[in-house]
**Q** 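Mind having a look at this structure? Questions to follow.
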Amino acid sequence: MRIDVITLFPRMLDGFLTESILGKGIESGRLAVNVHDLRQWTTDKHRTADDRPFGGGAGMVLKPEPVFAAIEQLQTPGCRRIYLTPDGTPLSPALAGELSRQQHLVLLSGHYEGIDQRIRDTVIDQEVSIGDYVLTNGTLAAAVLIDALARFIPGVLGEEKSLTTESFTSKLLDFPQYTRPAEFRGMSVPEILLSGNHAEIEKWRHARQVEKTRQVRPDLLK
Ligand code: SAM
């Protein structure tokens, strides 16, 4: 799978793309991520990528010319062009899984007040939000989307089973995890986990999932 990210802040993704599971996924060739500085498609000597909004208002808006040029250069037939934005479709495991099956994604990160609407109307196929809060720019949102979908690419996670036991997979949050030592500063691991009785462990874990979900995200149980 190939992903192209268009951003004003390419260096924000430096460590993200080389570390941990994602770094290994890229190294193994299962995923290729290219990060592009939007300013390379500006044409004036100040490399201007934004301008004041028509109709007034605070902040600046990304100009159409460099964004159109960037997308038109990077897009390939059948690719999905996505704008990261708080008023987009909320990111979910289902959406991440669906996007992981695409051959090529072009991710556009906005800044300031957002981007010229004509970009959204013409060269964007889908708009995605990573949550009901507002970031200063979309670069971290693009990173979150890449991380969430990369887990669904076969071979990236190593242990595919963890995909089926994570929070949200069954509309339940995850159960508590423990590792060695069994006793630490007077705190013991629940006896059941040391019992070797897998059926009882499953039952205990499920009960903890329901308990946690009821406490923290009762909306998921409806
Ligand atoms: N004026 C916009 C609004 O109210 O919807 C917010 C613009 S925000 C300050 C700047 C950029 O950050 C956006 O263009 C978008 O790319 C990114 N961004 C901020 N919050 C986001 C979120 N929750 N999900 C995805 N992208 C986000």
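Index from 1, following the sequence. In listed order, ligands and their atoms are each counted from 1.
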**Q** Mark the output for T85 as yes if a heavy-atom distance to ligand 1 is under 4.0 Å, and as no if none is.
**A**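 T85: in contact with ligand 1 (<4.0 Å).
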**Q** Need the ligand 1 atom indices (1-based, order shown) with element for anything under 4.0 Å from a heavy-atom of A141.
**A**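 That gives atoms 25 (C), 26 (N) of ligand 1.
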**Q** Tell me if the CD atom of E191 is crowded by more than 12 foreign heavy atoms within 6.0 Å.
**A**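 Incorrect, the count does not exceed 12.
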**Q** Please compare S129, G114, G131, P86 and report which has the shortest non-hydrogen distance to atom 6 (C) of ligand 1.
**A**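 Answer by nearest heavy atom: P86.
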**Q** Closer than 4.0 Å to some heavy atom of E113 - which atoms of ligand 1 meet that?
**A**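 Once the distances to E113 are compared, the set is 1 (N), 2 (C), 7 (C).
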**Q** Out of I130, T136, L91, indicate the one that has the non-hydrogen atom closest to atom 24 (N) of ligand 1.
**A**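 Checking each option, the heavy atom nearest atom 24 (N) of ligand 1 is found in I130.
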**Q** State, to 0.1 Å, how close I153 and M1 come at their nearest heavy-atom pair, and which atoms those are.
**A**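 It is CD1-SD, 3.7 Å.
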**Q** Counting the benzene-type ring for Trp, do F175 and H206 have ring centres under 6.0 Å apart?
**A**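 Ring centroids of F175 and H206 are no less than 6.0 Å from each other.
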**Q** Could you tell me whether atom 4 (O) of ligand 1 has a protein heavy atom closer than 4.0 Å?
**A**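 For atom 4 (O) of ligand 1 the answer is no, since every protein heavy atom stays at 4.0 Å or beyond.
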**Q** Of the choices D87, N137, L107, D132, which has the non-hydrogen atom that lies closest to atom 12 (O) of ligand 1?
**A**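 Checking each option, the heavy atom nearest atom 12 (O) of ligand 1 is found in N137.
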**Q** Can you name the closest pair of heavy atoms from L84 and A142 and give their distance?
**A**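 Shortest heavy-atom contact: CG-N, 3.8 Å.
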**Q** So which of I82, T85, I119 actually passes side chain to side chain contact (heavy atoms under 4.5 Å, CB included) with L108?
**A**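 Only one of I82, T85, I119 forms a side chain to side chain contact (heavy atoms under 4.5 Å, CB included) with L108, namely I119.
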**Q** Locate the shortest heavy-atom distance separating G155 from R30; write the atom from each residue and the value.
**A**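 For G155 versus R30, the nearest heavy atoms are CA-NE, 3.4 Å.
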**Q** Where do S109 and L62 come nearest, in terms of heavy atoms and distance?
**A**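 Scanning both residues, the minimum pair turns out to be O-CD1, 4.0 Å.
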**Q** Is the closest N or O pair between L135 and ligand 1 shorter than 3.5 Å?
**A**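 Yes - when backbone and side-chain N and O of L135 are compared with those of ligand 1, one distance drops under 3.5 Å.
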**Q** Flag V128 as yes when one of its N or O atoms lies below 3.5 Å from any N or O atom of ligand 1, and as no otherwise.
**A**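 No: no nitrogen or oxygen of V128 is under 3.5 Å from one in ligand 1.
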**Q** Just to confirm my output: which protein heavy-atom neighbour is closest to atom 13 (C) of ligand 1, and how far is it?
**A**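 Atom 13 (C) of ligand 1 sits closest to the protein heavy atom Y83 OH, 3.7 Å.
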**Q** Consider every N or O of L84 and every N or O of ligand 1, then say whether any pair is closer than 3.5 Å.
**A**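 For ligand 1, there is an N or O atom that lies under 3.5 Å from one belonging to L84.
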**Q** What are the two closest heavy atoms between H111 and T136, and how far apart are they?
**A**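 That closest heavy-atom pairing would be ND1-O, 3.1 Å.
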**Q** Got an N/O contact under 3.5 Å between S109 and ligand 1?
**A**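 So ligand 1 has no N or O lying under 3.5 Å from an N or O of S109.
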**Q** Quick one: closest heavy-atom pair of A58 and E113, and the distance?
**A**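 In terms of heavy atoms, the two residues are closest at O-CG, 3.1 Å.
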**Q** Below 4.0 Å, non-hydrogen atoms only: which portion of Y112 touches ligand 1? Side chain, backbone, both or neither.
**A**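 Contact part for Y112 vs ligand 1: backbone (N, CA, C, O).
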